[in-house]
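Accompanying notes for the structure given below.
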Amino acid sequence: MQRYNPKDIEPKWQQQWAESKIYEATEDATKPKKYILEYFPYPSGAAMHVGHVRNYTIGDVLARFNRQRGYNVLHPMGWDAFGLPAENYAIKTGISPRQAIDQNTTKFKAQLTQMGFSYDWSREIDSTDPAYYRWTQWFFLMLFRRGLAYQQESLQWWCPVDKTVLANEQVENGHCWRCGSEVEKKALKQWFFKITDYADRLSEDLDNVNWSDSIKSMQRNWIGRSNGAEISWQVCDKEGHETGVSFDTFTTRKDTIPGVTFIVVAPEYERLDELTADDHHARVHSYRQDALRLTDVQRQEDKAKSGVFTGRYAKNPFNGDIVPIYIANYVLAGYGTGAVMGMGGHDERDREFSLRHDIPVKITTEVPEEYQDLSSTKVWAAKQGKQINSGAPYDGMENLDAGRLIFEKMAAAGTARDKTNYKMRDWLISRQRYWGAPIPIIHCEKDGPVAVPDDQLPVVLPELDTFEPSGDGRSPLARVPEFVNTTCPKCGGPAERETDTMDGFACSSWYFLRFADPHNNDQPFDADKAKFWLPVDDYIGGAEHAVMHLLYARMWTKVMYDEGMIDFVEPFTTLRNQGMILAPDGAKMSKSKGNTIEPGVLIDQGYGADAIRIMEMFIGPWNQAANWSVEGMGGAYRFLQRVWTLVQEFTDRERGEADSSELLRACHKAIKKITSDIEALNFNTAIASLMELTNELFKLKAADNYAAAAWQDTLVTVTQLLAPFAPHIAEELWQQLNQDGSVHTSDWPVANDRYLVDDTLRVAVQVNGKLRGELQVAVSTTEDEIVALAQADPKVAPHVAGKQIRKTVYVPGRLVNFVVG
RNA sequence: GGGCGAGUGGCGGAAUUGGUAUACGCGGCGGACUUAAAAUCCGCUGGCCUUAACAGCCUUGAGGGUUCGAGUCCCUCCUCGCCCACCA
């Protein structure tokens, strides 16, 4: 008997599938389409580990299952290859990013192929290919034309190690998302995409996508829409003489306006001088300089709420109160107006500031006893209660009603207006690095920033010998005169090219559309093809993209919709976030820790790709984290080996009129269960059912009670059910069972209810809810008969004998419960 | 501090609408085969009491509640994970 040896069969079928092109998708409208996509990877030089494999396996199981179920499946793969790792590698080794990426994609592709993933490689794309980034540049210009790409000089996050600016989304807790070093602020002129224009739609359209609540709430949180009011204040001196300067603050608590006891502005506040008295300039400026030198992390560590008085006051537009103006580093410059009304009564931070600087505190909402000590930092922040200390007619009202009235009065006087603010900032997309798509803009002294004409795209990234960033805020491209010096497309005069490149997230904001039409040289994609395949039906990836890629891609999609290029507003109908695979000890797998488990190694050890795939899917629910188990890997292999053995030991000898009903029942029960399990993404229980069926087949084989034809049919069915999970062994056994074509293009089995009817029922018998016995009865037994049998059952009788049965509950076909008392 | 999610055997995990808790796998124990081992096949495996079986009692983070019946529903609490975090 031939033993199960994955090394003999897996490479063979991988080659066969590639040659027969069975996974290539065409726009065949006779079948419903299904676009299944995994986030296209960064082809790093490191081997992929079993955590990555889980992601691709989920996608591949869905792709294969849907193909067998009659869908026209698009399952493409490509490379998100611009970005720092390749460039840093180039600096270190002298190998150009282009060469490194080419080597890595070859390696990465081999690893994916080795796992038997059913990608349509004819659609492979590479974001660093000029044929691709030409269209990334084209989209940049579309955004530019629509006023959604603009340049602005301001303080930006700057990573001192990577020597480039970063988007807000790429700063994690004050550290660079790539290298982990602490970021700084630097005043630079940068390119932005105006994602804030889309804040409302990005927030609201989340209602219409099938994403997990956690990702949705992460996005909503990040966008951070809050409705409130903008209030105008007049600057004055201590006696209330106005200086003629006014400024605005933002609040979400209109009801607390009567309780404002100070104003505080951020150190970066642009009009700080206008809010500062002459004799306070020195102190205010020294505080400002100190604050600006601090990194964001250091500033957040200032829990003591430092700050200094500006010497000026502001007049409360609601009640005329004169309150001091401070500068303090706990106020964020980039949110709202950069100036905040302080009310220590109901805000913890303001309370702390008030206590530190001896500012009186005034509460405007009735608070419980334990919060009445105003010298404590314990603040009653609940949003509802009775209004107090605000005068008539407000005192005694519900505070929210009072707030509305206060606002109406101020709005009528022109000192307040409705305002919505967002935590999200515009997306900073320029990078001072070499390895990215050049921003297709030409700077002309006369015409300003001018779009590179379409027919001059792509602006090709020149080949360089050194990629070292200079750190002076300009990219290495600035050192290439033949790249920089050009002529203005408008006036023909001498001009300079933009030397910054685009954030890699620009490339990944539209790649899912390119897969619909990957080789188009006339446009980013053909509208009909996009309409055929998009939106993506199942998008599978980790949660780490929640507020970056997934937000950016959604914005671009909406811009394309506004441009009339596509007819949908959300790119990813269903999003699936797989759980992380951790090392056996529960630690995160990483190359630096040296605890990665690589599929290539497991394949070399003889487990094979199929067993790895089974293990990945069986280890637990697909969307929960799981610890890798070395022993579990053996179990996955053993399971496949048992299936293999069943087919090898199949002999076609005559069995006469053997009764196959048990066999057929087991088989069709499994079909039904596995089908609904995969539909619900319960991959682990689908595999458990396959294991159960296999165990059942071994028992039936030992009993030797089945007809040969039914046995053959069952084995064929098993290969089909196994095919999405373990495609190689399924294909091999399919062939051994003399089936035509490929198991992967075969029709998914359908359960026949005829085989599922049982002739006996098992009914549990409870007394007062406690299990006391079990009945085996014919299906035809009536309720009365079952109750009588239950009562008479030797295990049940002692518990009911001599007691009064007060109630009998019968759940048809399941249980009888006697309530005795 | 805010948001999201999770607590079930020695371990990973199963349990339709509330209806026989612990499927399936790992690990462990025993058996068959073998000169022997590996591999393979078969059986047992939540805890307590019991020589053992039968029977009984207990058990889904803790405590209460609803119900004939709760892992599942409600309330209170505890623990852990992830994300965001001075956003006024």
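Order of the sequence lines sets the chain letters (A, B, ...), proteins ahead of strands, with each chain counted from 1. On a predicted model such as this, the values are computed, not experimentally measured, just so you know.
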> Taking OP1 and OP2 of B/rA14, is either one under 4.0 Å from a side-chain nitrogen or oxygen of A/N684?
Replying inline: yes
>> Is it the case that B/rC86 (base atoms only) and A/K305 (side chain only) share a donor and an acceptor within less than 3.5 Å, ignoring hydrogens and angles?
In response: yes
> Which one is paired to B/rC4, where only Watson-Crick or G-U wobble pairs with both distances under 3.5 angstrom count?
Replying inline: B/rG81
>> Applying ring pair (Phe, Tyr, Trp, His ring centres under 6.0 Å) to A/F353 and A/Y326, what does each step give before you reach the verdict?
In response: CA-CA 10 Å; A/F353 192 80; A/Y326 282 76; 5.3 Å; yes
>> Whether the A/D784 and A/Y810 side chains hold a donor-acceptor pair (N or O, under 3.5 Å, no angle test) is what I'd like checked.
In response: no
> When the C1' atoms of B/rC80 and B/rU17 are considered, how many whole Å apart are they?
Replying inline: 31 Å
>> Counting only Watson-Crick pairs (N1-N3 plus N6-O4 or O6-N4) and G-U wobbles (N1-O2, O6-N3), all under 3.5 Å, who is the partner of B/rA55?
In response: none
>> If I take atom CZ in residue A/R814 and atom P in nucleotide B/rA21, what distance separates them, rounded to the nearest angstrom?
In response: 11 Å
>> Distance check needed: B/rG5 P versus A/W211 CH2, whole Å only.
In response: 17 Å
>> Within the 4.0 Å heavy-atom criterion, would you say A/E348 contacts the bases, only the backbone, or no part of the nucleic acid?
In response: nothing
> Considering only the C1' atoms, how many Å lie between B/rG19 and B/rG31, rounded to the nearest integer?
Replying inline: 38 Å
> At under 4.0 Å between heavy atoms, what does A/V763 touch on the DNA or RNA strands: base, sugar-phosphate, or nothing?
Replying inline: nothing
> Considering only side-chain heavy atoms of A/V811, which listed nucleotide, B/rG19, B/rC4, B/rG25, is closest?
Replying inline: B/rG19
>> Closest approach to the side chain of A/Y335, judged atom by atom: which nucleotide of B/rA15, B/rG5, B/rA88 is it?
In response: B/rA88
> Taking the same atom, P, in B/rG13 and in B/rA21, what whole-Å distance lies between them?
Replying inline: 23 Å
> Counting only Watson-Crick or G-U wobble pairs whose two distances fall under 3.5 Å, which nucleotide matches B/rC41?
Replying inline: B/rG31
>> Over all strands shown, is A/K701 touching base, sugar-phosphate only, or nothing at heavy-atom distances under 4.0 angstrom?
In response: nothing
> Atom CD of A/E268 and atom P of B/rC86: how far apart are they, to the nearest Å?
Replying inline: 13 Å
>> Please tell me if A/N695 has a side-chain N or O lying less than 4.0 Å from either OP1 or OP2 of B/rG25.
In response: yes
> When you measure from the side chain of A/R638, which nucleotide among B/rG5, B/rG56, B/rC26 comes out closest?
Replying inline: B/rC26
> When syn is taken as a glycosidic angle within 90 degrees of 0, is B/rG9 syn or anti?
Replying inline: syn
> What interatomic distance, in whole Å, is found between P of B/rC75 and the corresponding atom of B/rA6?
Replying inline: 15 Å
> Across the strands shown, which category fits A/L815 at heavy-atom distances under 4.0 angstrom: base, sugar-phosphate, nothing?
Replying inline: base
> How is A/G336 classified with respect to the nucleic acid when contacts are heavy atoms under 4.0 Å: base, sugar-phosphate, or nothing?
Replying inline: nothing
>> Base, sugar-phosphate or nothing for A/A636? Non-hydrogen atoms, less than 4.0 Å.
In response: nothing
> Please give, in whole Å, the distance from B/rC84 C1' to A/I215 CD1?
Replying inline: 12 Å
> For RNA chain B, whose closest nucleotide is more 5', that of A/K423 or that of A/K673?
Replying inline: A/K673
> Considering only the C1' atoms, how many Å lie between B/rU20 and B/rA14, rounded to the nearest integer?
Replying inline: 15 Å
> Between B/rU8 and B/rG56, how far is it from one C1' atom to the other, in whole Å?
Replying inline: 24 Å
> Picking from B/rC68, B/rU16, B/rA88, which would you name as closest to the side chain of A/L332?
Replying inline: B/rA88
> Considering only B/rG56, B/rC24, B/rU40, which nucleotide approaches the side chain of A/Q641 most closely?
Replying inline: B/rU40
> So, A/R351 versus A/S376: side-chain donor-acceptor pair below 3.5 Å or not?
Replying inline: no
> How long is the line joining CG of A/L550 and C1' of B/rC83, in whole Å?
Replying inline: 14 Å
> With a non-hydrogen cut-off below 4.0 angstrom, is A/E692 in contact with a base, only sugar-phosphate, or nothing?
Replying inline: sugar-phosphate
> Given atom CD of A/Q624 and atom C1' of B/rA14, what is their separation to the nearest angstrom?
Replying inline: 12 Å
> For B/rU40, does either OP1 or OP2 sit under 4.0 Å from a side-chain N or O belonging to A/R3?
Replying inline: no
> Got a salt bridge between A/K362 and A/D321, using NZ or NE/NH1/NH2 to carboxylate O under 4.0 Å?
Replying inline: yes
> Reckon A/R806 touches a base, only the sugar-phosphate, or nothing at all at heavy-atom distances under 4.0 Å?
Replying inline: nothing
>> From CE of A/M580 over to P of B/rG12, roughly how many Å is that when rounded to an integer?
In response: 18 Å
> Touch check for A/K795, heavy atoms < 4.0 angstrom, all strands: base, sugar-phosphate only, or nothing?
Replying inline: sugar-phosphate
> Do you see a donor-acceptor pair shorter than 3.5 Å between the side chains of A/T420 and A/N227?
Replying inline: yes
> Under a 3.5 Å cut-off for both distances, is B/rC24 Watson-Crick or wobble paired, and to whom?
Replying inline: B/rG12
> Which part of the nucleic acid does A/N627 contact within heavy-atom distance under 4.0 Å: base, sugar-phosphate only, or nothing?
Replying inline: nothing
>> Distance check, P atoms only: B/rU72 and B/rU60, in whole angstrom units.
In response: 9 Å
>> Applying a 4.0 Å non-hydrogen cut-off, can you work out what A/Q766 is touching in the nucleic acid: base, sugar-phosphate, or nothing?
In response: base
> Are A/R554 and A/W211 in a cation-pi contact, defined as NZ or CZ under 6.0 Å from the six-membered ring centre and within 45° of the axis?
Replying inline: yes
>> By the 4.0 Å heavy-atom rule, please label A/R762 as base, sugar-phosphate, or nothing.
In response: base
> Quick one: A/N221 CG to B/rC82 C1', roughly how many Å, whole number?
Replying inline: 13 Å
>> Please tell me if A/R772 has a side-chain N or O lying less than 4.0 Å from either OP1 or OP2 of B/rA55.
In response: no
>> Whether the A/R3 and A/Q648 side chains hold a donor-acceptor pair (N or O, under 3.5 Å, no angle test) is what I'd like checked.
In response: no
> Has A/H346 got a side-chain N or O lying under 4.0 Å from the OP1 or OP2 atom of B/rA88?
Replying inline: no
> Does NZ or CZ of A/K419 lie under 6.0 Å from the centre of the six-membered ring of A/F250, at an angle within 45° of the ring axis?
Replying inline: no
>> Do the side chains of A/E204 and A/R225 get close enough for a salt bridge, i.e. N-O under 4.0 angstrom?
In response: yes
> When the aromatic ring centroids of A/Y637 and A/Y4 are compared, is their separation below 6.0 Å?
Replying inline: yes
> A/R642 side chain N/O closer than 4.0 Å to the phosphate oxygens (OP1, OP2) of B/rC42?
Replying inline: yes
> Which nucleotide in the set B/rG27, B/rU20, B/rC68 lies at the smallest distance from any side-chain heavy atom of A/L771?
Replying inline: B/rU20
> Within the structure shown, what part of the strands sits under 4.0 Å from A/D347 by heavy-atom distance: base, sugar-phosphate, or nothing?
Replying inline: nothing
> If you look at every strand shown and take non-hydrogen atoms under 4.0 Å, does A/F698 touch a base, only sugar-phosphate, or nothing?
Replying inline: sugar-phosphate
>> Here's a test of your reading of the structure: between A/E774 and A/F618, which maps to the more 5' nucleotide of RNA chain B?
In response: A/E774
> Rounding to the closest angstrom, what is the interatomic distance between B/rC11 and B/rU22 at atom C1'?
Replying inline: 13 Å
>> Side-chain N or O of A/S226 versus OP1/OP2 of B/rA88: is the shortest distance under 4.0 Å?
In response: yes
>> With a cut-off of less than 4.0 Å, is there a side-chain N or O of A/K770 near OP1 or OP2 of B/rC58?
In response: yes
